[in-house]
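Structure first, then comments.
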Amino acid sequence: MQNVFDLAAANLLAPTVLFFALGILASVLRSDLTIPEAVAKGISLYLMMSIGFKGGAAVSSQGVDTTMFLALIAGAVLSGVIPFVAFGLLRATTGLPQIDAAAVAAHYGSISIVTFLAATQALEWSGIGSEGYMVAVAAAMETPAIAAALILASNGARRFDGNTMREVLLNGSIVVLVGAFFIGVITGEEGLESIAPFIVAPFTGVLCLFLLDMGLIAGRGLKEGRNHLTWPLILFGLYMPLVGAAFGAIASMLVGLSVGGTCLMITLCASASYIAVPAALRLALPEARPAIYLPLSLGVTFPFNLTIGIPLYLAIATFLH
Amino acid sequence: MQNVFDLAAANLLAPTVLFFALGILASVLRSDLTIPEAVAKGISLYLMMSIGFKGGAAVSSQGVDTTMFLALIAGAVLSGVIPFVAFGLLRATTGLPQIDAAAVAAHYGSISIVTFLAATQALEWSGIGSEGYMVAVAAAMETPAIAAALILASNGARRFDGNTMREVLLNGSIVVLVGAFFIGVITGEEGLESIAPFIVAPFTGVLCLFLLDMGLIAGRGLKEGRNHLTWPLILFGLYMPLVGAAFGAIASMLVGLSVGGTCLMITLCASASYIAVPAALRLALPEARPAIYLPLSLGVTFPFNLTIGIPLYLAIATFLH
Amino acid sequence: MQNVFDLAAANLLAPTVLFFALGILASVLRSDLTIPEAVAKGISLYLMMSIGFKGGAAVSSQGVDTTMFLALIAGAVLSGVIPFVAFGLLRATTGLPQIDAAAVAAHYGSISIVTFLAATQALEWSGIGSEGYMVAVAAAMETPAIAAALILASNGARRFDGNTMREVLLNGSIVVLVGAFFIGVITGEEGLESIAPFIVAPFTGVLCLFLLDMGLIAGRGLKEGRNHLTWPLILFGLYMPLVGAAFGAIASMLVGLSVGGTCLMITLCASASYIAVPAALRLALPEARPAIYLPLSLGVTFPFNLTIGIPLYLAIATFLH
Amino acid sequence: MKTHSKKRIEIMIESPLLGRITETLDAHGVTGYTVLPALAGRGEDGAWHRDGVIGRAGSLVMVISIIDADRVQSVLEPLFKLVKGQIGIVTVSDVEVIRPDRF
Amino acid sequence: MKTHSKKRIEIMIESPLLGRITETLDAHGVTGYTVLPALAGRGEDGAWHRDGVIGRAGSLVMVISIIDADRVQSVLEPLFKLVKGQIGIVTVSDVEVIRPDRF
Amino acid sequence: MKTHSKKRIEIMIESPLLGRITETLDAHGVTGYTVLPALAGRGEDGAWHRDGVIGRAGSLVMVISIIDADRVQSVLEPLFKLVKGQIGIVTVSDVEVIRPDRF
Ligand SMILES: Nc1ncnc2c1ncn2[C@@H]1O[C@H](COP(=O)(O)O)[C@@H](O)[C@H]1O
Ligand SMILES: Nc1ncnc2c1ncn2[C@@H]1O[C@H](COP(=O)(O)O)[C@@H](O)[C@H]1O
Ligand SMILES: Nc1ncnc2c1ncn2[C@@H]1O[C@H](COP(=O)(O)O)[C@@H](O)[C@H]1O
Ligand code: NA
Ligand code: NA
Ligand code: NA
């Protein structure tokens with residue numbers, strides 16, 4: 001137990017978390033600090049490329065086994081199942097209309113890559129290794145949640161056209177993540193070495209800058225969304241990660257992941273999307289209100305996971321092994 | 001004396017200064033070379049983050065003493081006092097109308113962070129350490145000059161509303177600088193180590209790119225401003241840094257700064273703002289003409305400080321100890 | 001022979017080439033992946049600055065000899081001569097109208113800096129050194145081809161005004177490349193050391209990101225251009241590099257370049273411009289259709305050189321020594 | 001220089017929908033359009049700002065298309081259908097052009 | 001498809017003033033606006049270019065707001081007061097919209 | 001608040017030509033103009049997109065200039081000569097301004 005608190009305290013004082021807090025603070029104080037859109041996109045591409053490549057290079061030296069396929073399947077299934085749970089909880093506790101509830105549910109089935117990155121960092125600081133293919137699991141979990149939400153929104157009737165699904169599956173972030181993963185698998189440790197000074201060494205620093213931006217956006221979202229975020233919704237944003245975490249923990253045990261892999265799987269299940277899903281829903285479910293789902297995912301769940309969630313998930317993963 | 005010339009010559013042939021010269025040259029030759037706005041802003045954020053963090057980490061290992069508070073107070077006071085001197089000189093020698101003279105004066109009370117960065121580099125190359133809190137002093141010197149200018153512009157009548165002052169105090173650059181400083185203080189050397197490959201190793205190279213951009217902007221500013229820059233004004237842009245430097249030198253002695261700290265304090269007093277103050281004056285003193293103060297600060301005083309000023313200030317600081 | 005195949009295979013599986021392929025793939029699958037314009041421009045500036053500086057620093061330690069001047073002259077002459085050959089081949093085999101043929105010819109006389117960069121990487125991986133001044137040769141080869149094309153387009157009549165030529169000569173990329181080259185010459189190894197963590201260490205990684213972007217643009221260009229690219233044109237895009245390579249090989253021998261220098265000279269002659277020349281032709285030869293020359297240069301010749309060309313040119317250079 | 005009357009359609013639309021808008025314009029024989037980036041805005045649904053945002057949701061672009069007056073009605077109908085449930089507005093105004101046959 | 005006449009206010013204003021412009025629009029019951037970035041320009045006070053510039057001074061943005069004709073006068077007055085001493089211009093033109101009640 | 005009729009010239013032009021357009025405007029006594037970036041577009045010659053592109057070829061900018069109606073003809077002529085062989089279009093529309101002497 002003591003360990004968990006130590007970990008949580010250390011985590012709260014990591015540069016990454018502090019830069020996120022700085023972003024929130026700047027936003028609350030109405031500073032004009034902003035990160036240009038192009039720079040934010042560039043950083044995001046960099047992070048995808050880096051995490052994908054590193055995962056792929058790890059797989060190339062760790063080798064492929066059945067656990068990998070089980071983990072991929074488990075991830076995809078959870079991404080499709082968790083929205084149903086989230087939807088039930090939302091309908092029972094928050095009074096959100098069906099469409100909005102389905103939209104929010106989609107976010108919690110899908111995943112947040114930055115949360116995943118932060119968990120990877122925490123593992124690194126704790127000196128715990130993990131399965132390289134977990135980034136592929138992350139990619140596999142982005143989309144099924146959206147299909148689930150469309151079913152939920154329309155009482156089971158088919159609403160989604162193939163075109164929208166293609167757009168979701170091939171969104172830029174996933175393509176870079178998965179592409180870099182395969183390039184990492186192909187070129188292996190040698191390839192990693194040749195570009196490590198770019199994708200490995202400065203990684204944590206770039207992540208700090210990115211989290212500064214996330215803080216700014218989250219703060220802005222909270223300001224915009226404060227009229228829509230009722231207490232039951234905020235509570236949902238805080239306990240739903242734990243519900244997701246429970247699913248993730250069980251799945252990890254069944255699949256047989258390592259401590260690190262379990263921590264990452266739990267984090268994926270606990271995290272909520274804020275890039276891919278919102279864009280997809282504007283196409284597939286335009287009636288759902290972004291003013292609800294964006295602040296909830298970005299302003300409530302993301303900070304929770306970043307500060308308290310990740311150390312907790314790591315503690316759970318350690319406890320389970 | 002010999003040493004000063006050696007230092008000045010070495011400084012003139014540093015990559016940073018040469019990239020600045022390249023920017024000026026490209027601009028004079030009407031090349032279409034430009035650095036996209038988003039990239040320039042991104043680099044500027046990076047430099048603020050880096051310098052702030054490094055200063056904070058240094059403070060965390062050097063510890064806090066009364067000198068720090070004295071230096072902060074001295075900086076803020078000088079920022080408020082120097083504009084009065086500058087205003088007097090401008091009115092006596094240049095024939096600028098009251099409003100324009102007040103606006104120019106504000107720039108010389110405030111500071112230029114890039115000049116500060118260049119001075120930090122010069123110290124590093126000379127192997128001279130400095131007080132980490134000097135970046136906090138830099139931040140403290142940004143704003144008082146603007147208040148002084150508003151008093152000067154209106155013969156003592158209050159002109160500034162709180163809203164404008166808040167905007168100035170919380171402008172993006174200051175928030176990142178000060179925020180990163182505190183994060184550096186909190187996370188200390190350990191934090192610095194984790195992000196050093198991002199904020200320390202590539203620093204000089206990034207500064208070169210930034211100075212290339214500064215050269216382009218300065219060259220453009222000189223072209224635009226050549227009709228407004230009279231000889232008395234240009235002379236002011238060259239001797240005013242020395243006047244500011246004298247104030248800085250005296251204050252450093254009184255406060256008891258080290259050689260490095262003295263050099264930085266002199267540089268701050270000698271430098272003129274070209275980001276925060278111009279933006280603030282467009283809100284608080286719109287009648288003042290940007291076509292005068294921008295080219296003067298960016299096209300005359302900044303190059304002077306970068307090439308001749310900094311080695312001179314370092315020589316003075318060494319001489320005084 | 002075996003060696004060539006090994007080299008070609010190794011080259012095809014280098015991270016740089018794979019990221020280019022990823023870009024093409026993403027574009028073909030109609031992913032919404034894009035690199036913001038500002039980021040792409042920033043990366044391009046970075047690559048110019050890096051390659052120019054490194055070349056200059058190498059010259060400063062290798063010293064200047066007559067070979068350098070011969071190489072510069074040879075490059076400039078070839079840039080002006082190759083378009084005539086290309087024009088003849090185009091008129092004989094493709095049925096392109098005179099103006100379009102002249103425009104295409106200009107691209108093949110001029111050079112592609114990214115192809116040059118990729119060749120530099122290949123040399124580095126093979127542990128082969130090269131003359132630092134080859135980047136200056138690259139700069140010297142950008143422009144003559146355009147003048148040649150204007151002569152070809154107008155049956156020898158003078159069409160170009162000095163203003164357009166100035167714009168071409170002083171385009172941003174060349175200014176940074178040449179400027180950084182001279183700064184490298186002046187500051188030498190010491191200067192290089194001070195900014196190496198920025199311009200040397202992350203270079204390959206940044207190049208990967210850039211080639212991802214190039215892949216996206218090439219893929220888009222191929223889609224747009226598929227109606228204009230006839231088979232004879234596509235064939236021209238594949239054999240013309242070899243024709244250029246032959247010229248480059250002969251010139252290298254006459255000038256007396258090293259293995260590495262020969263490989264780079266061949267690569268320059270074999271590569272086709274897609275930045276400087278297209279922009280210049282919109283001003284100087286607006287009747288020529290970009291829908292022909294852009295996809296040909298970017299979608300056919302560039303991928304050919306990147307994958308098959310460079311290992312082949314290296315093999316030729318090795319064979320010739 | 002003689003000028004000719006045409007219509008200028010200006011569509012402010014949330015970015016994720018841009019592809020559908022241009023497909024609709026293509027499908028209805030519009031001869032061309034130009035897309036401008038927007039930076040920020042405010043409407044009934046609140047304010048938005050482009051800075052720092054990675055995803056395409058929550059920002060707008062502006063599509064401008066010069067078309068023949070005869071075509072306005074047939075284009076407006078499907079455009080409006082598309083924009084109705086989404087975040088966006090469509091306006092039409094009069095402009096003069098030099099080469100009437102291009103639109 | 002029936003369209004309705006509205007007014008389009010276009011404000012080109014130096015960036016540091018953007019906040020005051022939108023506050024003024026908000027205060028005068030405007031239902032919405034969109035801000036476009038500008039890249040460069042020239043006026044009486046000389047030319048400017050956005051590239052490479054870090055601060056907000058010395059560049060412009062363009063604010064577009066579709067409003068009801070009845071409201072033009074009451075918005076124009078305070079807008080003009082704001083823009084008068086600053087770098088910027090305001091124009092008004094006619095546009096047609098589909099949903100008149102939105103503006 | 002009294003407003004005065006002026007003309008708004010809107011030029012969409014491929015980027016490499018921007019310098020010549022502004023030189024032409026300068027040469028014909030236009031009091032000012034503003035340049036907006038464009039993101040993407042489609043015309044007779046196909047579609048283009050700004051993202052990822054380094055060179056200036058193959059993308060457009062939009063130049064807006066408010067001028068006096070008397071000056072339209074004398075500006076339009078050289079503008080059209082410039083744009084004719086290139087990728088670009090010119091439109092003219094009516095706007096109202098507050099300070100008529102500025103244009
Ligand atoms: N009256 C208006 N004039 C100009 N732009 C508007 C107007 N109303 C809305 N917009 C733009 O359309 C977006 C969505 O509007 P809404 O659906 O009302 O929230 C806003 O954020 C603005 O960018
Ligand atoms: N007639 C005009 N048409 C379009 N934009 C203009 C015009 N006049 C001025 N501007 C814009 O407003 C800015 C400031 O104008 P000024 O105050 O006259 O220097 C210029 O830099 C242009 O961007
Ligand atoms: N009707 C139009 N409305 C708006 N923009 C257009 C129109 N036609 C062409 N454009 C723009 O002008 C560019 C070149 O047109 P074009 O020369 O027809 O290929 C296109 O890519 C568009 O950005
Ligand atoms: Na999840
Ligand atoms: Na100062
Ligand atoms: Na060539």
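Here is how names work: the chains are called A, B, and so on, in the same order as the sequence lines, proteins then strands, and each is numbered from 1. Here the structure is a predicted model, which is why all the values come from computation and not from measurement. Below, all heavy atoms of this structure are taken into account, side chains as well, without hydrogens, waters or symmetry copies.
- Looking at heavy atoms from C-beta onward, Phe19(C) lies in side-chain contact with Ile183(A) at the 4.5 angstrom threshold.
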Item to complete: Report the C-alpha distance between Gln121(C) and Ser194(A) in whole Å, list the side-chain angles of each, state the deciding distance to 0.1 Å, and finish with yes or no for side chain to side chain contact (heavy atoms under 4.5 Å, CB included).
Response: CA-CA 11 Å; Gln121(C) 287 290 99; Ser194(A) 73; over 6 Å; no
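- Proximity to chain A (any heavy atom under 4.5 Å) is shown, for Leu25(C), by neither the backbone nor the side chain.
- Only the side chain of Leu45(A) comes within less than 4.5 Å of a heavy atom in chain C; its backbone stays farther off.
- Neither the backbone nor the side chain of Ala201(A) comes within contact range of chain C, judged by heavy atoms closer than 4.5 Å.
- Proximity to chain A involves both the backbone and the side chain of Pro202(C), based on heavy atoms less than 4.5 angstrom apart.
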Discussion item. Set out, in order, the CA-CA distance, both residues' side-chain angles and the distance that settles side chain to side chain contact (heavy atoms under 4.5 Å, CB included) for Leu18(C) and Thr187(A), then state yes or no.
Written reply: CA-CA 9 Å; Leu18(C) 291 172; Thr187(A) 64; 3.5 Å; yes
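- Residue-environment remark: CD (Glu189(A)) exceeds the threshold of 12 foreign heavy atoms within 6.0 Å.
- You'll find the side chain of Val175(A) stays beyond 4.5 Å of the side chain of Asp32(C), heavy atoms only.
- Interface residue Phe53(A): only side-chain heavy atoms are found under 4.5 Å from chain C.
- Only the backbone of Thr34(C) comes within less than 4.5 Å of a heavy atom of chain A; no side-chain atom from C-beta onward does.
- Your options are Gly23(C), Pro15(C), Ala38(C), and the one with the most heavy-atom pairs under 4.5 Å with chain A is Pro15(C).
- Remark: the backbone N or O of Glu167(A) is not paired with any side-chain donor or acceptor of Arg30(C) at under 3.5 angstrom.
- Using a distance-only test at 3.5 Å, with no hydrogens or angles considered, a donor-acceptor pair links the side chain of Ser31(C) to the main chain of Leu170(A).
- Both the backbone and the side chain of Leu13(C) have a heavy atom closer than 4.5 Å to some heavy atom of chain A.
- Neither the backbone nor the side chain of Phe203(C) comes within contact range of chain A; no heavy atom of the residue lies under 4.5 Å from a heavy atom of that chain.
- Most heavy-atom pairs under 4.5 Å with chain C, from the set Asn171(A), Leu192(A), Ile186(A): that is Asn171(A).
- Considering only heavy atoms from C-beta on, Leu209(C) comes within 4.5 Å of Met49(A) through its side chain.
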Worksheet item: Stepwise, does the side chain to side chain contact (heavy atoms under 4.5 Å, CB included) test hold for Leu33(C) with Ile174(A)?
Response: CA-CA 9 Å; Leu33(C) 174 60; Ile174(A) 298 195; over 6 Å; no
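- The environment of CD in Gln62(C) is crowded: more than 12 heavy-atom neighbours from other residues, nucleotides or ligands sit within 6.0 Å.
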